[in-house]
**Q** 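I have a structure I would like to understand better, so I am pasting it below and will then ask my questions one at a time.
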Amino acid sequence: MHPAPSVIIFTTLSGLGFGLLVFLGLGLPPVTGWVAFVFFLIAYALAVGGLLASTFHLGHPERALKAFSQWRTSWLSREAWAAVAALVIMALYALGAVFFDTRISALGWLGAGLSFATVITTAMIYTQIKAVPRWHQALTPLHLSTASLAGGALLAGQITIAQILLFLAGIIQIAHWLRGDQRFGEAGQSIASATGLGSPGRIRAFEAPHTGTNYLLREMVHVVGRKHAQRLRLIALGLGFALPLGLIMIPGASHGLGGLAVLSHILGMLASRWLFFAQAEHVVGLYYGARG
Amino acid sequence: MRHQDIILDLSPKLSDQTAKTTCYMCACRCGINVHLKDGRVAYIEGNRDHPVNKGVLCAKGAAGIMQVTAPSRLRAPLRRVGPRGSGQFEEISWDEALATATAWMAPLRATAPEKLAFFTGRDQSQSLTGWWAQQFGTPNYAAHGGFCSVNMAAAGIYTMGGAFWEFGQPDWERTKLLLLFGVAEDHDSNPIKMGLGKLKERGARVIGINPIRTGYSAVADDWIAITPGTDGLLILSLIHCLLTAGKIDLDYLARYTNAPVLLNEDPSSPDHGLFLRDANGKLLVMDRTTGKPMAFDAAGVKPDLAHGLRRAGITHRPVFQLLAERYLDPSYAPEAVAERCGLSAKRIHALAAELARVAFDEAIEIDQPWTDFRGERHEKMTGRPVAMHAMRGISAHSNGFQIARALHLLQILLGTVETPGGFRFKPPYPKPPEAHPKPHATATPGQPLKGPHLGYPMGPEHLALHPDGSPQRIDKAFSWENPLSAHGLMHMVIANAHAGDPYKIDTLFLYMANMAWNSSMSTGRVIEMLTDKDPETGEYVIPRIIYSDAYSSEMVAYADLILPDTTYLERHDCISLLDRPISEADAAADAIRWPVIEADRDVRGFQSVLIDLGARLGLPGFVTDDGAPAFTDYADYITRHERRPGIGPLMGFRGAGDQTGRGAPNPDQLQRYIDNGGFFTHHIPQAAQYYKPWNTAYQDWAVDLGLYDSPQPYLFNLYLEPLRRFQRAAEGHGDRQPPDHLRDRIRTTMDPLPIWYPPLGDDAQTAQDFPLHALTQRPMAMYHSWGSQNAWLRQIHGHNPLYVPTNIWVAHGFADGDWARLTSPHGSITVPVAHMAALNPNTVWTWNAIGKRKGAWALDPAAPEATKGFLLNHLIHELLPPKGDGHRWSNSDPITGQAAWFDLRVRIEKVSPPPEVQPNFPTLAPPHGGTR
Amino acid sequence: MTSLPETTQRKLGLVIDLDTCVGCHACVIACKGWNTENYGAPLSDQDPYGAAPSGTFLNRVHSYEITPPHGQAQLVHFPKSCLHCEDAPCVTVCPTGASYKRSEDGIVLVNESDCIGCGLCAWACPYGAREMDPTAKVMKKCTLCVDRIYNENLPEEDRTPACVRTCPAGARHFGDLGDPDSDVSQLVAARGGFDLMPDLGTKPVNKYLPPRPKDQWEETDILAPFLEPVAESPQGFLGWLDRALERL
Ligand SMILES: Nc1nc2c(c(=O)[nH]1)N[C@H]1C(S)=C(S)[C@@H](COP(=O)(O)OP(=O)(O)OC[C@H]3O[C@@H](n4cnc5c(=O)[nH]c(N)nc54)[C@H](O)[C@@H]3O)O[C@H]1N2
Ligand SMILES: Nc1nc2c(c(=O)[nH]1)N[C@H]1C(S)=C(S)[C@@H](COP(=O)(O)OP(=O)(O)OC[C@H]3O[C@@H](n4cnc5c(=O)[nH]c(N)nc54)[C@H](O)[C@@H]3O)O[C@H]1N2
Ligand code: SF4
Ligand code: SF4
Ligand code: SF4
Ligand code: SF4
Ligand code: SF4
Ligand SMILES: [Mo]
């Protein structure tokens, strides 16, 4: 799939933002007053910023409200609802914490739940797509949510939880890649099933329908070099999980190091997300001779 | 919102107006419904009532809408201001343009009319352009047939009075087996596809004989991956098999062909190899009933194939015996030819057996009585449902005339021509060679030519030669180099004019031919010839070039004066029975184009311009007795011109509107055509549908319509006597003698019975140095060079790779994205390659005419057509490589002069990718008509 | 409405005959032409005369080469447009309800005025049947020419998709695949019509007819009797000829 900057930024930032909101909602840390203000500011900046970035991906952002209508079937619509609900509930919760020094825990728990749900709905948007076997696996929601929670924990300064989550998320990231590498094969689609020309012999795309490019090729048939991908995976793993984990394991880690860990994580996650899209193979590529 | 509530306009209006006219995105001439909204073309679809396409439309036709809005359209007459080839022009007025053209041409007419050479490319108005040239008096006129498929046309007409091309068709409704030889697309584009669809629907079998398996060969049930240039061997071998097995239609041969005609067999006789005739010049056959020689068409004669006649000490044998002897020879056995054809002998046997099976075991009969020219009534029409069709894969070789002859022989031996399920002619065909004009080429200052330029010579006496034996025509058509060049040799005009051989000309007048690009051999050299100056005078060697195009093609840059044409939706055109009509096998049909939209530029329909020029030059027929223009424009000409009394360009609605074929001009004729959907159809009666050359009902119908003035039954020429006449001259008989260096070639190639010889220039050394054959194919969604200016079509074919067969691909270690240098005896090109397994192992190929010159067609100079698209033409030369005998031999069929595009031989090597295809030419300036 | 209808009254769709398609692209351009002028936003082109032309098409013709283990390679032309799936994933993913499947005839459409151009439906479609138009910025797809097939301004016989009407080879058929007696259903039954990527569960309505087996004939020698020689020598041939002529 085309690794569009808007979706990479969206999933990375809003993942982080909603991850942070989960922790804030759970009272981890139990901040109030201006500290709370700063925490919420960061969380909202990331979550809302990410959502805004995602609207750059839309052809008609002015009609975005229509996206709320199909929650019965559409994960994207559900994501919209979950995000708004999470942001509203957490706003109320933040209002209490910042201005009234009171944390209405019930509200916080609810907000945390909704924030987590938002991350899951986002994940489900990708997971549900059978046409992209790499995404269409149980590990996808697990991967996106653990990454989001790990980042949230990191931002929330929950060192121990962050250590556990970063480790877990790192493992799941690797698992997602490794499983992902198998998925296309497992899903069983090939040029033979795509064309239905299965039996008579080896099939090869001879001539594309057009000599130029088109939307499908731009959007869905993206080819990454193997070497390049391996390198990026190491970077993603290193920066996204290993380095932050290492940094926060340093006993008595300062805020400075924490900040570095966050930065590293974000960079790593951007790389991870780039790969998430760029390595995702859509079955439509088969028609154009991918894997042929 | 529930979707049920979504309001869809399920019945939008298509248009405010539907205009029915004729497509011209290619030469197939389908009927179209042009839907107009606010005077703008909104949608084009096929006309269901139209005889050619019956509603369907190809990609090009449907994309016509983008052709009439293309930025490449020329906008006004242009005068060259920069050097030739720079593309620098200034716009001038029509008055000035026409005055200039007249000033250039009038003195030529008065002194040396041959110094004007008028050649028209994809011309659909040849009966006008030819007549104009004839009235001008220059012998130098032809359209594009010579580089296109004259082998096919000439072989068909000489052999059976009609050809493939679009002049005949398989009996799509009834055939059970179709053999397609070397057809990728053809002029009959939609009809062939429709026909294939019909065969598929009925489960009939299609066999594709083609080095390349795309398109029609891809849907064919069987593919015969023949090595290019060897079809003749395959066909003669099939004939060998069929003869051996006696699977031939003896009755048909005896009745309708010259198989029984008596042939002088005595080598010492002056008439050796010629037919025996009676006192009236009628061909003689032996009558089986009486055992006596009789005129072939005598009532009640039963022509004998088995017995000859000795008369005055000279042995005469029926043609059939000679024929059988020749092809029964073991040298034609499948085992003897298979390897050269790239096939297995088993495959050839199997094909022959299948032909025999379908022709004789699946024969069909129609309960339709008919009467033949001998007066015999037949209760039924017997059909042998084997059909064949062929096109340039056979004809664009230097042995193509004889291959096409061989193919017709095969059809005829099986009795499949003009019988149900076989091959059927479309009116005005059948028409034997004798019924065609003979070439006229004697120029007289100030006078018209005595007759039409092009025709069908029956012997050396009809060649277009000066008394000293030198060619009368600039293209050397109808000379000893290519005696039967019935369509002229467009591909030799520029080279000969440049060389001053046979003489120099002054003005080259071209219409609708992109001669500085895709229709030239060795494009780079042609560009040089067009821009070359005489060092003494400083003038261009070809002093003046006038060109009419509608778009800023590559050729525009090489003209001195441009007469910009309209697009096809903005003018009148006439698709006439005098020319290349749109008839079907069961009906005569003709059609028009008419201006369905108004031109928004200062352009004029070329035919109207030609008529105007004719009047300005005072050409007979173009002016009235008092010197006034005879016609206001082309529409007026179409309506009022009469070629023979009562016979004009259009057959329909003549006289008071109720006469067909013959009748006085009708001022309402064009409107009647428009009201009728742009065409007119005149059906052939049931009893006249088959056996047309011999069927009295058909002959009478044709006379009635005005196709000819008296019935013209004839015999198919298995043995082609005119060829023998040329051979005899080469043997030293007669007063018109070929130059000595051509004697041998004429003797061997002009065999009156079909032969196969290797393509000229295909000698052992060439085959070793250049082991591969290189071909082009027409892409179905692109018409020569025009399609690239079409925003929709160029997305489908924006560049072209060279397709390489698996063995070569592997041997050279090619991978996707690689490039190769392709070298022929004449030059090399560097181009992208792609792999293809469904390809003859000795063949590489590419799509034709996708490559474009930078800056042409109002495309961005960085367009893929110019950077990755390429032509094979750079590798092809109009002459063969020097043989060291002091002569340069033409790369053409020695009989017809057909350009041998497909004889190209190459070698291939892998090279590192250059930034763009090689060679590349300087960018053309956009002419005033084009914007960038 | 992005919930799929439980059932549709009819299942209108195309049947494409891969044995007959010659790959001429006529259907591609007829579709482009019709849909540029009708249903919703025109199909735009980018850089039409430039170095990298591209544009929106709702129907495109691929070609594939098949190399069997034995015998000659084959080529198959393969037109592809929306298959109007019964379980259309493109519909259920749509957040706005712009994508929907009509319950009356099963046609899958995009209501362009509701489309936010998120592209998700195109991701969800396994077949590459949806293209976002870069100018209109809404999702375009084959409408099965819904504005032709019921169009009262068209003569009855023309109420068929533009691509079907134009196909010179007659390789495209249109009809109700829900009705087992319809011509198209009969054709599918007779010729073994198949689905593309059936295990993705999309249940395409459109069907493809397989190419018939090719190059079958060398395997048998049943044709040999058709070439039994009539004579061994030219003289023998003449004898045969004389006898054969007697029989005429
Ligand atoms: N390598 C290779 N070369 C070949 C062939 C091949 O198979 N291989 N085929 C050969 C054959 S068979 C042919 S017929 C030739 C064709 O070659 P050309 O006859 O040169 O073919 P076109 O490209 O059709 O060029 C015709 C010109 O007509 C112009 N034109 C289009 N419409 C109009 C109009 O309405 N009015 C006017 N006045 N002009 C118009 C176009 O802009 C173009 O410049 O190519 C030959 N060249
Ligand atoms: N779409 C479209 N239609 C066109 C045209 C166009 O440019 N585009 N051009 C028109 C013109 S001017 C013409 S002349 C006709 C030509 O129509 P076609 O005769 O179909 O011409 P080509 O495309 O040159 O195809 C020649 C075919 O012959 C095959 N071939 C080559 N050499 C041999 C051989 O030795 N033996 C056999 N058996 N096959 C061989 C090639 O592989 C190819 O398939 O098309 C007309 N129609
Ligand atoms: S075949 Fe196509 S381009 Fe040629 S006349 Fe017919 S519709 Fe037009
Ligand atoms: S083919 Fe694609 S766009 Fe069409 S209905 Fe099926 S999933 Fe949707
Ligand atoms: S692009 Fe339009 S139709 Fe497709 S899912 Fe988004 S809103 Fe729905
Ligand atoms: S049915 Fe209509 S919209 Fe669909 S591919 Fe055919 S022409 Fe295009
Ligand atoms: S129009 Fe018909 S034959 Fe041509 S590509 Fe389309 S389906 Fe195939
Ligand atoms: Mo041609």
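Because the structure is predicted, anything quoted here is derived from the model rather than measured. The chains referred to below are lettered A, B, ... by the order of the sequence lines, with proteins before strands, and numbering in each begins at 1.
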**Q** Name the option with the most non-hydrogen atom pairs under 4.5 Å to chain A; the candidates are C:Cys118, C:Pro89, C:Pro126.
**A** C:Pro126
**Q** Of all of A:Thr55, A:Thr195, A:Leu65, A:Val221, which one pairs up most often with chain C through heavy atoms under 4.5 Å apart?
**A** A:Thr195
**Q** Using the rule given for side-chain contact (heavy atoms from CB on, under 4.5 Å), can you reason through A:Lys130 versus C:Met197, listing the C-alpha separation, both sets of side-chain angles and the distance that settles it, and then say yes or no?
**A** CA-CA 11 Å; A:Lys130 283 192 188 165; C:Met197 297 195 277; over 6 Å; no
**Q** Which answer fits C:Ala73, side chain, backbone, both or neither, if we ask what part of it has an atom under 4.5 Å from a heavy atom of chain A?
**A** neither
**Q** Is there a side-chain contact (heavy atoms from CB on, under 4.5 Å) between A:Thr122 and A:Val119 once you walk through the steps?
**A** CA-CA 5 Å; A:Thr122 307; A:Val119 175; 5.6 Å; no
**Q** Please rank C:Lys214, C:Glu65, C:Lys137 by heavy-atom pairs under 4.5 Å with chain A and give me the top one.
**A** C:Glu65
**Q** Looking at C:Val138, C:Leu120, C:Asp195, which makes the most heavy-atom pairs under 4.5 Å with chain A?
**A** C:Leu120
**Q** Out of A:Ser190, A:Ala131, A:Ala67, A:Ser54, which one racks up the most heavy-atom pairs below 4.5 Å with chain C?
**A** A:Ala67
**Q** Could you tell me which portion of A:Ala64 (side chain, backbone, both or neither) has an atom closer than 4.5 angstrom to a non-hydrogen atom of chain C?
**A** backbone
**Q** Are A:Val283 and A:Tyr287 close enough that some pair of their side-chain heavy atoms sits under 4.5 Å apart?
**A** no
**Q** Is the closest side-chain donor-acceptor distance between C:Thr96 and C:Asp114 under 3.5 Å?
**A** no
**Q** Between the side chains of C:Tyr127 and C:Thr202, does any donor sit under 3.5 Å from an acceptor?
**A** yes
**Q** At a heavy-atom separation under 4.5 Å, does C:His25 approach chain A through its side chain, its backbone, both, or neither?
**A** side chain
**Q** Heavy-atom cut-off 4.5 Å, strictly under: side chain, backbone, both or neither for C:Thr56 against chain A?
**A** neither
**Q** Who among C:Gly71, C:Ser113, C:Ala129, C:Ala136 has the most heavy-atom pairs with chain A under 4.5 Å?
**A** C:Ser113
**Q** Pick one of side chain, backbone, both or neither for C:Ala52, based on which atoms fall under 4.5 Å of a heavy atom in chain A.
**A** neither
**Q** Distance from A:Leu232 atom CG to A:Leu275 atom CG, nearest 0.5 Å?
**A** 5.0 Å
**Q** About how many Å separate NZ of C:Lys207 and CG of C:Leu196, when rounded to the nearest 0.5 Å?
**A** 9.0 Å
**Q** Pick one of side chain, backbone, both or neither for A:Arg78, based on which atoms fall under 4.5 Å of a heavy atom in chain C.
**A** neither
**Q** Under the side-chain contact (heavy atoms from CB on, under 4.5 Å) criterion, do C:Val110 and C:Arg130 qualify, and how do the steps go?
**A** CA-CA 10 Å; C:Val110 172; C:Arg130 293 180 163 234; 3.5 Å; yes
**Q** Side chain, backbone, both or neither: which part of A:Glu207 has a non-hydrogen atom closer than 4.5 Å to chain C?
**A** both
**Q** Heavy atoms only, distances under 4.5 angstrom: which of C:Pro211, C:Cys125, C:Gly55 has the most pairs with chain A? Name it, please.
**A** C:Cys125
**Q** Tell me, side chain or backbone of C:Pro213 under 4.5 Å from chain A's heavy atoms, or both, or neither?
**A** neither
**Q** Can a donor-acceptor pair be found between the side chains of A:Gln189 and C:Asp199 at a distance below 3.5 Å?
**A** yes
**Q** Does either side chain, that of C:Gln46 or that of C:Thr135, offer a donor lying less than 3.5 Å from an acceptor on the other one?
**A** yes
**Q** What part of C:Tyr208 lies closer than 4.5 angstrom to a heavy atom of chain A: side chain, backbone, both or neither?
**A** neither
**Q** For the residue pair A:His176 and A:Phe276, categorise the inter-ring angle as parallel (less than 30°), tilted (30 to 60°) or perpendicular (more than 60°).
**A** parallel
**Q** Which region of C:Lys80, side chain (C-beta onward) or backbone (N, CA, C, O), has a non-hydrogen atom less than 4.5 Å from a non-hydrogen atom of chain A, or is it both or neither?
**A** side chain
**Q** Heavy-atom distance under 4.5 Å to chain C: side chain of A:Ile129, backbone, both or neither?
**A** side chain
**Q** Is the gap between the ring centers of A:Tyr288 and A:His210 under 6.0 Å?
**A** yes
**Q** In terms of heavy-atom pairs under 4.5 Å with chain C, which of A:Gly196, A:Gly212, A:Pro61 leads?
**A** A:Gly196
**Q** With a 4.5 angstrom heavy-atom cut-off, which part of C:Val61 approaches chain A: side chain, backbone, both or neither?
**A** backbone
**Q** Going through the checks in order, is the ring-ring contact (aromatic ring centres under 6.0 Å, His included) test met by C:Tyr39 and C:Trp34?
**A** CA-CA 8 Å; C:Tyr39 193 96; C:Trp34 176 259; over 10 Å; no
**Q** Report the option among C:Ser63, C:Ser54, C:Pro210, C:Gly201 that has the most heavy-atom pairs separated by less than 4.5 Å from atoms of chain A.
**A** C:Ser63
**Q** Which atoms of A:Trp81 come close to chain C, meaning under 4.5 Å heavy atom to heavy atom: side chain ones, backbone ones, both, or neither?
**A** neither
**Q** Is the number of heavy atoms from other residues, nucleotides or ligands under 6.0 Å of C:Asp87 CG greater than 12?
**A** yes
**Q** A:His57 versus chain C, heavy atoms under 4.5 Å apart: side chain, backbone, both or neither?
**A** both
